[in-house]
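Just so it is clear, the model here is predicted, and its values are computed rather than measured. Letters A, B, ... mirror the listed sequences (proteins, then strands); counts begin at 1.
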Number of protein chains: 2
Amino acid sequence: MGISERKEREKEQRKNDIIDAAEKIFFKKGLNNSTMDEVAKEAELSKGTLYLYFKSKEEIYFEIKLRAINILNRMFKESISEYKTGFENCFEIGKTYVAFLNNYSNYFKVMVYFESTDCKICDFKDKCENFFKEDNPLNSFIQIINQGMADGSIRNDIPANVLAQSLWAQTNGILQYISTKQKIIEFTGVQAKDIINSQFEIIKKGIKNEN
Amino acid sequence: MGISERKEREKEQRKNDIIDAAEKIFFKKGLNNSTMDEVAKEAELSKGTLYLYFKSKEEIYFEIKLRAINILNRMFKESISEYKTGFENCFEIGKTYVAFLNNYSNYFKVMVYFESTDCKICDFKDKCENFFKEDNPLNSFIQIINQGMADGSIRNDIPANVLAQSLWAQTNGILQYISTKQKIIEFTGVQAKDIINSQFEIIKKGIKNEN
DNA sequence: ACTAAAATATGACCAAGAGTCATATTATGC
DNA sequence: GCATAATATGACTCTTGGTCATATTTTAGT
């Protein structure tokens, strides 16, 4: 028994090592400009071995996305406080998401990638599609909106599920814009943080309970 | 003289024919699953000829994005009315953007692609980066926000440039979410249109002038 | 300690497909 | 009609994701 457990651990460790190596390469050169040979070299393994642990290049990239989501979710959970209202926690989460973009922009880019690319043959689609049933940032956020509706700090004429997804999607949009449209932002002579603050301003007015 | 003009026209026409063919193929199978040989066959040309008119596969895809943006911009301009307030026009544009997603979802996907993918060697980067100086949907939208601040229907404590980009990015986020996260939306038991309406609700409260 | 079987690792190899280029065809202008 | 320029072709190259027969290492039974 002890042996098969150890094997399992080692296998997990090996997978992690490969993802570590892939991260280094992909973050430096971008997914499209990185080759599996480079990843193999970085991981000090042969290319064939990579395919013993992962089905495809894209699946490794997906594993990086999972890391990203876990980091973000952990940050979310650390940022909320039971002593604050749902309304306040909501903006703590917002600020935290912005911090995530600033501190982990590479991870953010990976997340964005999977929002918009047609995966070739997504054999790991199940992983993709079942993910939302689990503990993830969006679910953490929905809970906060529920809290805010329960404590009366957030308007409750829109279902929590709907409001949460709407805010979530909006915020994703803002962060994606900030991270990909620096040139435009610069050209229009404004600051990224102003755009973010502006969104917070709008949402503050937009979701506060007025009763 | 007449001849070189005609040649120019024919060249333009040929380019368009190629983009037409590429659209058919790319829309049906997605960019990654389409080959240049397929595009060439659809265009009734040899592959080499394609490269006489475009630098790369991705550049053709980019041309499709330009079409998308032009369609969207035309729709925006048709949807606004000088007899409406900026506030009202702002939501006309929002509704139009939603209609664009519904009627031209393929074009929308192409637009999203370029928001999030590291182009391999963007030889057409100039085109990319200079685009925002021209007549485009975002600029049309900025004008409407300006109108609304001038006519007093939209709050003016945030610079128009900032507010416009913020709203623009948010809305992109919502539409992207709707178009890529159907599964999640379904799972949470809500309707896409509810999420959209919710965003409009939030923004209405968020940007109206309260003086 | 020895050995057969299982698990893991290797890298030469394959296939697909983007992009090129010498050659061929067609159009232009004299 | 002919020389030159413009346009078109498709066989070819080269990169790279993914495979597989072979080799090495580990495990477990005797």
Side-chain angles (χ1 to χ4, degrees), chain A residues 1-22 25-26 28-64 113 117-124, chain B residues 1-22 25-26 28-64 113 117-124:
Chain A
M1 312 299 103
I3 281 179
S4 74
E5 277 162 24
R6 198 204 64 206
K7 282 237 167 186
E8 197 52 46
R9 264 205 322 279
E10 279 177 355
K11 194 160 186 169
E12 224 35 59
Q13 185 55 49
R14 183 52 56 102
K15 279 183 117 177
N16 268 317
D17 292 344
I18 293 172
I19 301 170
D20 285 341
I25 303 296
F26 292 163
K28 184 157 52 178
K29 315 179 66 178
L31 179 65
N32 285 332
N33 298 309
S34 305
T35 70
M36 287 300 268
D37 284 300
E38 290 174 301
V39 173
K41 198 178 171 190
E42 178 72 35
E44 292 174 303
L45 290 168
S46 72
K47 186 161 66 160
T49 306
L50 301 188
Y51 286 90
L52 248 45
Y53 292 90
F54 300 98
K55 283 195 196 67
S56 66
K57 186 183 180 186
E58 214 172 27
E59 190 183 12
I60 300 182
Y61 207 58
F62 185 77
E63 290 293 330
I64 298 176
Y113 173 86
T117 310
D118 52 313
C119 311
K120 251 188 148 163
I121 302 142
C122 253
D123 275 336
F124 50 95
Chain B
M1 311 303 101
I3 279 177
S4 74
E5 277 162 24
R6 196 204 66 207
K7 281 237 164 183
E8 197 51 45
R9 263 205 322 279
E10 278 177 359
K11 192 159 185 169
E12 225 33 61
Q13 185 53 49
R14 180 55 53 100
K15 279 183 115 176
N16 268 316
D17 292 344
I18 293 172
I19 301 171
D20 285 341
I25 304 295
F26 293 162
K28 183 157 53 181
K29 314 178 69 178
L31 179 65
N32 285 334
N33 298 309
S34 304
T35 71
M36 287 299 267
D37 285 300
E38 289 173 301
V39 173
K41 197 177 171 191
E42 178 72 35
E44 292 174 304
L45 289 168
S46 72
K47 186 161 66 160
T49 307
L50 301 187
Y51 286 91
L52 248 43
Y53 292 90
F54 300 98
K55 284 195 196 66
S56 66
K57 186 183 180 186
E58 214 171 26
E59 190 183 11
I60 300 182
Y61 208 56
F62 186 76
E63 290 293 329
I64 298 176
Y113 172 86
T117 309
D118 53 312
C119 311
K120 250 189 147 160
I121 302 143
C122 252
D123 276 336
F124 50 92

Figure out the [atom1]/[atom2] separation between [X] and [N], and round it to whole Å.
X: B:Lys41; N: D:dG10; atom1: NZ; atom2: C1'; answer: 15 Å
X: A:Ile60; N: D:dG17; atom1: CD1; atom2: C1'; answer: 11 Å
X: B:Asn33; N: D:dG17; atom1: CG; atom2: P; answer: 16 Å
X: A:Phe54; N: D:dG17; atom1: CZ; atom2: P; answer: 16 Å
X: A:Lys55; N: D:dG18; atom1: NZ; atom2: P; answer: 12 Å
X: B:Glu59; N: C:dA18; atom1: CD; atom2: C1'; answer: 14 Å
X: B:Glu8; N: D:dA5; atom1: CD; atom2: P; answer: 19 Å
X: A:Ile25; N: D:dG17; atom1: CD1; atom2: C1'; answer: 16 Å

N or O in side chain of B:Tyr51 less than 4.0 angstrom from C:dT20 OP1/OP2
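No, because none of the side-chain N or O atoms of B:Tyr51 sits under 4.0 Å from OP1 or OP2 of C:dT20.
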Using side-chain contact (heavy atoms from CB on, under 4.5 Å) as the criterion, list what pairs up with [X], not counting sequence neighbours.
X: A:Lys47; answer: A:Met36, A:Asp37, A:Ala40, A:Tyr51
X: B:Thr49; answer: B:Leu45, B:Ser46, B:Tyr53
X: A:Glu42; answer: A:Ala21, A:Lys24, A:Ile25

Please identify each residue that fulfils salt bridge (charged side-chain N to carboxylate O under 4.0 Å, His left out) with B:Asp17, with sequence neighbours left out.
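Expected list: none.
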Pairing residues for B:Glu10 by the salt bridge (charged side-chain N to carboxylate O under 4.0 Å, His left out) criterion, not counting sequence neighbours:
B:Arg6
Can you build the contact string for nucleotides 5-10 of chain C? Use B for base contact, S for sugar-phosphate-only contact, and - for no protein heavy atom under 4.0 Å.
--SSBB
Check step by step if side chain to side chain contact (heavy atoms under 4.5 Å, CB included) holds for B:Lys57 and B:Phe26.
CA-CA 10 Å; B:Lys57 186 183 180 186; B:Phe26 293 162; 4.2 Å; yes
Residue mapping more 5' on DNA chain C - nearest nucleotide basis, B:Met36 or B:Glu10:
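The residue mapped nearer the 5' terminus is B:Met36.
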